[in-house]
Chemist: 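Below you'll find the structure I mean.
Here is the naming used below: chain letters follow the sequence lines, and residue numbers restart at 1 for every chain. From a predicted model like this one, the values you see are computed outputs, not experimental measurements.
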Amino acid sequence: MALRIYNTLTRKKDEFTTIEPGKVRMYVCGPTVYADAHLGHAMSALVFDIARRYLEYKGYDVRYVMNFTDVDDKIINKANELGVDPFGLADQYIAGYKRNLEALNIEPATVNPRATNDMPQIIEMIQKLIDNESAYVVDGDVYYSVEADPDYGKLSGRSLETMNAGSRIQVDERKEHPMDFALWKSAKPGEPAWDSPWGKGRPGWHIECSAMNMVHLGEQIDIHGGGNDLIFPHHENEIAQTESITHKPFARFWMHNGMMGLKDEKMSKSVGNMVTIDQFLREHPGDVMRLWVLNGSYRSPLTYNEAVIEQTTQGYKRLLSAKKGALPGVTGLSASEMTKLEEAANSTRQAFVEAMDDDFNTSLAMAAIYELVKVINQARTDGANDAQLGIAQTVFNELTNTLGLTLEEEATSGTSADAFIDLLVALRRDLRAEKNWAMSDKIRDELKVLGVILEDSKDGTTWSWEN
RNA sequence: GGCGACGUGGCCAAGUGGUAAGGCAGGAGUCUGCAAAACUCUCAUCAUGGGUUCAAUUCCCAUCGUCGCCUCCA
């Protein structure tokens, strides 16, 4: 079975192949670090983490690069507002972003390059573009000339003529073409600046990604990802810059995730309608965020509202139910029943792979996993013991781990409280034997307030920490 | 104005030219002292109007609606 990925460049699902057998070179556009990351960043990071994990599950060795844009107007403005050093400010937000990613169980990137660390290569690329007449210098600024690139617009499906129509922005008169974009911006007094052949300044937004790709992955890469708001102009410009130098196709696959919305509008830092990752994680497990993303299609938009998060939380609890152990006092399943259980687990794995191979159809993959949850719970109800359940649960764990779900019970078990709770449960058993329902219900209710859930069955009582 | 995506049950959301996965919520049961969990059963003709076809939710056209991009943005 072959993996197929929807490629923005071809506008269809293409069979996934790599430049180098068994190895994937993958670059994902990270944030510009001037504010706390919001759920849109989380969505994007999760989407590509899931893709990356699945590629690794398929046996690929993935070199995963996610950059930080750490020098830009917004950062400088914010730093000036606060009266702090822009580099320190960027450092602070980068640290915060990394904490967020960790809390969401996102695998660390192989490399997290920063624009300011690859300045020599950025300058070198700009010089090459000037040398081959793809770019020109005006008063210390350098612009890329879109007319020098006959393919310009191939990713976003636009032509230079149609793009001018309706444009409401003021065009810099010094540009040769209105769509020309800055490769190098000359420094104003007090701004961070680097020396260059064109004077002190800093790189434009697009060139840094081209340069970091070149440095950390090479001239050609397998997958380039990001939010679909980056298709134009950012990724279009990356292609133009890189291919003007290499004359080779830059990225084989362009993957773009849908936007996170809040009340019928895109969530974004500039609009200001955002829920930060920190805010979300204060109230919900990271798994819920991930499951929310998994429930849908990565290319479609996602709209935040409390009701949907509540629904997702319920689904999350259902997944957790599959991990529970055997009921007390069970005798075990028969050999034929076990065969059916194992077959169900294996067919789930197959359905999972088929779903994921089809452009990471996580929604369908989750459906397969929920089927397995049902099968496991049925087996438990039918009297399977821990070892028998474990056979199916191993597959369940394999698949949910591949999607990056942790499904960890609250890490409070194993604490000194356990013995006391066991004691209360034991006392309550005696109360129940005496049919002292008032007291036994009170213990159950009070423990619930403390986050301990008691569940009675005819064979005894089990307890767990509330998630 | 241009480019693109989307519109599936109360909510979220897959999917296919031959009468629609999964999750949440709801209804009815089993179990239970009760509760909870789990299990069983149940719950849609796919925005609207045309067209193509033996057959369309799935293809084509139109209409309405929503969203994204065209300016920094994951």
Chemist: Is there a Watson-Crick or G-U wobble partner for B:rU63 with both distances under 3.5 Å, and if so, which one is it?
Modeler: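 Partner of B:rU63: B:rA47.
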Chemist: Do the side chain of A:Arg299 and the base of B:rC6 come within less than 3.5 angstrom through a donor-acceptor pair of N or O atoms?
Modeler: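 No, the side chain and the base share no sub-3.5 Å donor-acceptor pair.
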Chemist: When you measure from the side chain of A:Ala367, which nucleotide among B:rG68, B:rA21, B:rG33 comes out closest?
Modeler: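 Of all the options, the side chain of A:Ala367 is nearest to B:rA21.
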Chemist: Check RNA chain B against residues 224-234 of chain A and give the residues with a non-hydrogen atom under 4.0 Å, in numerical order.
Modeler: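 Those residues whose heavy atoms fall under 4.0 Å from RNA chain B, taken from residues 224-234 of chain A in numerical order, are A:Gly226, A:Gly227, A:Asn228, A:Asp229, A:Leu230, A:Phe232.
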Chemist: Tell me the partner of B:rU57, counting only Watson-Crick (N1-N3 plus N6-O4 or O6-N4) or G-U wobble (N1-O2 and O6-N3) with both under 3.5 Å; none if nothing fits.
Modeler: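 Its partner is none (no Watson-Crick or G-U wobble pair with both distances under 3.5 Å).
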Chemist: 5'-most contact on RNA chain B: A:Arg158 or A:Arg380, nearest heavy atom basis?
Modeler: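 Counting from the 5' end, the first nearest nucleotide belongs to A:Arg380.
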Chemist: So does A:Asn377 get a side-chain nitrogen or oxygen closer than 4.0 Å to the phosphate oxygens (OP1/OP2) of B:rC39?
Modeler: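 Yes, within the criterion.
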Chemist: Evaluate the criterion side chain to side chain contact (heavy atoms under 4.5 Å, CB included) for residue pair A:Glu238 and A:Leu155; output intermediate values, then yes/no.
Modeler: CA-CA 10 Å; A:Glu238 275 189 61; A:Leu155 180 69; over 6 Å; no
Chemist: Decide yes or no, distance alone: a donor-acceptor N/O pair under 3.5 angstrom between the base of B:rG15 and the side-chain of A:Asn361.
Modeler: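 Not at all, since no donor on one side and acceptor on the other fall under 3.5 Å apart.
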Chemist: Could you please name the option among B:rC72, B:rA38, B:rC69 that lies closest to any side-chain atom of A:Ser321?
Modeler: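 Within the option list, the nearest is B:rA38.
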Chemist: Is it the case that B:rC11 (base atoms only) and A:Gln311 (side chain only) share a donor and an acceptor within less than 3.5 Å, ignoring hydrogens and angles?
Modeler: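 Indeed there is one.
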Chemist: Decide, yes or no, whether a salt bridge links A:Lys154 with A:Asp149 under the criterion of side-chain N to carboxylate O below 4.0 Å.
Modeler: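 Salt bridge flag = no for A:Asp149 with A:Lys154.
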Chemist: Does A:Gln314 have a side-chain nitrogen or oxygen under 4.0 Å from the phosphate oxygens OP1 or OP2 of B:rA25?
Modeler: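 True: A:Gln314 side-chain N/O within range (under 4.0 Å) of B:rA25 OP1/OP2.
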Chemist: If you take atom types as modelled and just measure distance, does the side chain of A:Asn305 reach the base of B:rC11 with a donor-acceptor pair under 3.5 Å?
Modeler: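 Absent.
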Chemist: Let's see if you can work this out: which of B:rA21, B:rC34, B:rA36 has an atom nearest to the side-chain heavy atoms of A:Leu364?
Modeler: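 Ranking B:rA21, B:rC34, B:rA36 by closest atom to the A:Leu364 side chain puts B:rA21 first.
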Chemist: Select from A:Arg432 and A:Ala368 the residue whose nearest nucleotide in RNA chain B is closer to the 5' end of that strand.
Modeler: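 Upstream on the strand: A:Ala368.
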Chemist: Using both distances under 3.5 Å as the test, list the Watson-Crick or G-U wobble partner of B:rA74, or none.
Modeler: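 For B:rA74, the partner nucleotide comes out as none, under the 3.5 Å rule.
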Chemist: Please evaluate residues A:Glu208 and A:Thr69 with respect to the criterion side chain to side chain donor-acceptor pair (under 3.5 Å), reporting the C-alpha separation (whole Å), side-chain torsions for both, the decisive distance (0.1 Å), and the verdict.
Modeler: CA-CA 8 Å; A:Glu208 58 168 76; A:Thr69 297; 2.7 Å; yes
Chemist: Roughly how far, to the nearest 0.5 Å, is CG of A:Leu262 from OH of A:Tyr304?
Modeler: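 It comes to 8.0 Å.
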Chemist: Within less than 4.0 Å of OP1 or OP2 of B:rA38, is there a side-chain N or O belonging to A:Lys374?
Modeler: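 No, no such contact exists.
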Chemist: For A:Tyr370 and B:rG23, are the ring centres under 5.5 Å apart with planes inclined under 30°?
Modeler: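 It does not: the two rings, one from A:Tyr370 and one from B:rG23, miss the stacking criterion.
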Chemist: Between the base of B:rA37 and the side chain of A:Thr462, is one N or O donor paired with an acceptor at under 3.5 angstrom?
Modeler: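 No.
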Chemist: So what does A:Ser297 hit on the nucleic acid, given a heavy-atom distance under 4.0 Å: a base, only sugar-phosphate, or nothing?
Modeler: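 Sugar-phosphate contact only.
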